[in-house]
Amino acid sequence: MAPKLYGFFGSPPFGAVLMCAKELGLELEIVIVDFNAGDHLKEDFVKINPQRTVPLLEDDGFYLADSHAINAYLVGKYGKENDPLYPKHDIKRKAIIDHRQYMDSSIVAANAFQVTRPLFLKKIKPTVASIENFREALQTMDRQIEIQNTKYIAGDVLSIADFSNTVTITSWGYFLPNWPEEFPNINAYIERMKKEDWFNVNDEGWKNFKAIMDLLMK
Ligand SMILES: N[C@@H](CCC(=O)N[C@@H](CS)C(=O)NCC(=O)O)C(=O)O
């Protein structure tokens with residue numbers, strides 16, 4: 001049975017899991033969680049995900065939240081032995097991938113969520129400070145990419161950190177429309193990623209993210 005992925009097209013971290021599954025050639029059964037209907041707060045969902053977020057993975061009775069954790073699990077279970085996407089036996093490379101994942105989760109996406117969480121859940125418009133914090137987070141990422149000078153975010157080989165970082169920039173870049181000019185190293189990185197087969201799998205997600213934000217920012 002295909003693993004189930006709970007979420008919605010438009011959720012950036014949901015898109016990161018779609019990208020990973022595409023690269024792995026893994027079929028997922030999609031279960032839509034409708035935030036407008038409060039699906040994520042319903043008892044049945046909270047029982048399987050006390051965090052009340054999407055994406056959530058269900059694999060043969062095993063439940064896992066958080067896109068970063070999910071992608072690491074999917075590669076371990078469905079990838080090749082010591083898969084370069086997240087190689088469990090290559091300690092240093094795995095540590096670098098972990099770092100880039102935490103950079104996304106604790107700095108870039110963390111600040112991005114400060115912009116959109118109040119907007120998405122409570123219709124509270126982003127503050128100038130929240131957008132400035134997101135800009136600073138992108139400065140950090142831009143500097144990281146410039147100094148490391150590699151094709152991908154964690155070296156010269158594709159990893160799960162590329163799915164998370166790509167989806168974060170391209171989605172929340174909505175709030176800093178000049179980001180490609182402001183952050184040329186991130187822009188060059190994204191241009192490289194656009195040539196990858198997995199990149200377009202989140203097309204519907206990007207369109208929906210933009211449509212949701214257009215509506216909420218009116
Ligand atoms: N770090 C988590 C973030 C997940 C997350 O916050 N997802 C949003 C939707 S894009 C959500 O479920 N928000 C509900 C909430 O924050 O209560 C991940 O990477 O999966």
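Every number for a ligand or one of its atoms is a count from 1 in the order of the listing. Treat the numbers as computed from the prediction; the structure is a model and nothing was measured.
From the protein, the heavy atom lying nearest to atom 17 (O) of ligand 1 is Arg117 NH2, 2.9 Å. Scanning the protein heavy atoms around atom 13 (N) of ligand 1, the nearest turns out to be Phe35 CE2, 3.9 Å. Of all protein heavy atoms, the one closest to atom 2 (C) of ligand 1 is Asp66 OD2, 3.3 Å.
Inclusion of Ser67 in the set of residues having an N or O under 3.5 Å from an N or O of ligand 1 is warranted. Not a single N or O atom of Thr53, backbone or side chain, sits closer than 3.5 Å to an N or O atom of ligand 1.
Using a 4.0 Å cut-off between a side-chain N of Lys or Arg and a carboxylate O of Asp or Glu, Asp203 and Lys207 do not qualify as a salt bridge. Using a 4.0 Å cut-off between a side-chain N of Lys or Arg and a carboxylate O of Asp or Glu, Lys94 and Asp98 qualify as a salt bridge. Using a cut-off of 4.0 Å between Lys/Arg side-chain N and Asp/Glu carboxylate O, Arg143 and Glu146 are scored as not salt-bridged. A salt bridge links Glu132 with Arg135: the distance from a Lys NZ or Arg NE/NH1/NH2 to an Asp or Glu carboxylate oxygen falls below 4.0 Å.
Residue-level proximity to ligand 1 for Ile70 is absent, since no heavy atom of it falls below 4.0 angstrom. Contacts with ligand 1 closer than 4.0 Å are made by no heavy atom of His40, backbone or side chain. For Phe113, every heavy-atom contact with ligand 1 shorter than 4.0 Å involves the side chain, none the backbone.
Aromatic ring centroids of Phe35 and His40 lie under 6.0 Å apart. The aromatic ring centroids of Trp179 and Phe134 lie 6.0 Å or more from each other.
Taking each of Val54, Leu56, Ile212 in turn, the one with a heavy atom nearest to atom 7 (N) of ligand 1 proves to be Val54.
Residue-environment remark: NZ (Lys123) exceeds the threshold of 12 foreign heavy atoms within 6.0 Å.
With sequence neighbours left out, the side-chain hydrogen bond (donor to acceptor under 3.5 Å, both in side chains) criterion links Asp197 to no other residue. With sequence neighbours excluded, no residue forms a salt bridge (charged side-chain N to carboxylate O under 4.0 Å, His left out) with Asp66.
Contact annotation: Pro55 has at least one heavy atom less than 4.0 Å from an atom of ligand 1. Remark: distances from the non-hydrogen atoms of Phe120 to ligand 1 are all 4.0 Å or more. Under a 4.0 angstrom heavy-atom cut-off, Leu121 registers as being in contact with ligand 1.
Of all atoms in ligand 1, listed by their number and element, those nearer than 4.0 Å to a heavy atom of His68 are 19 (O). Each of the following atoms of ligand 1 lies closer than 4.0 Å to a heavy atom of Ser11: 10 (S).
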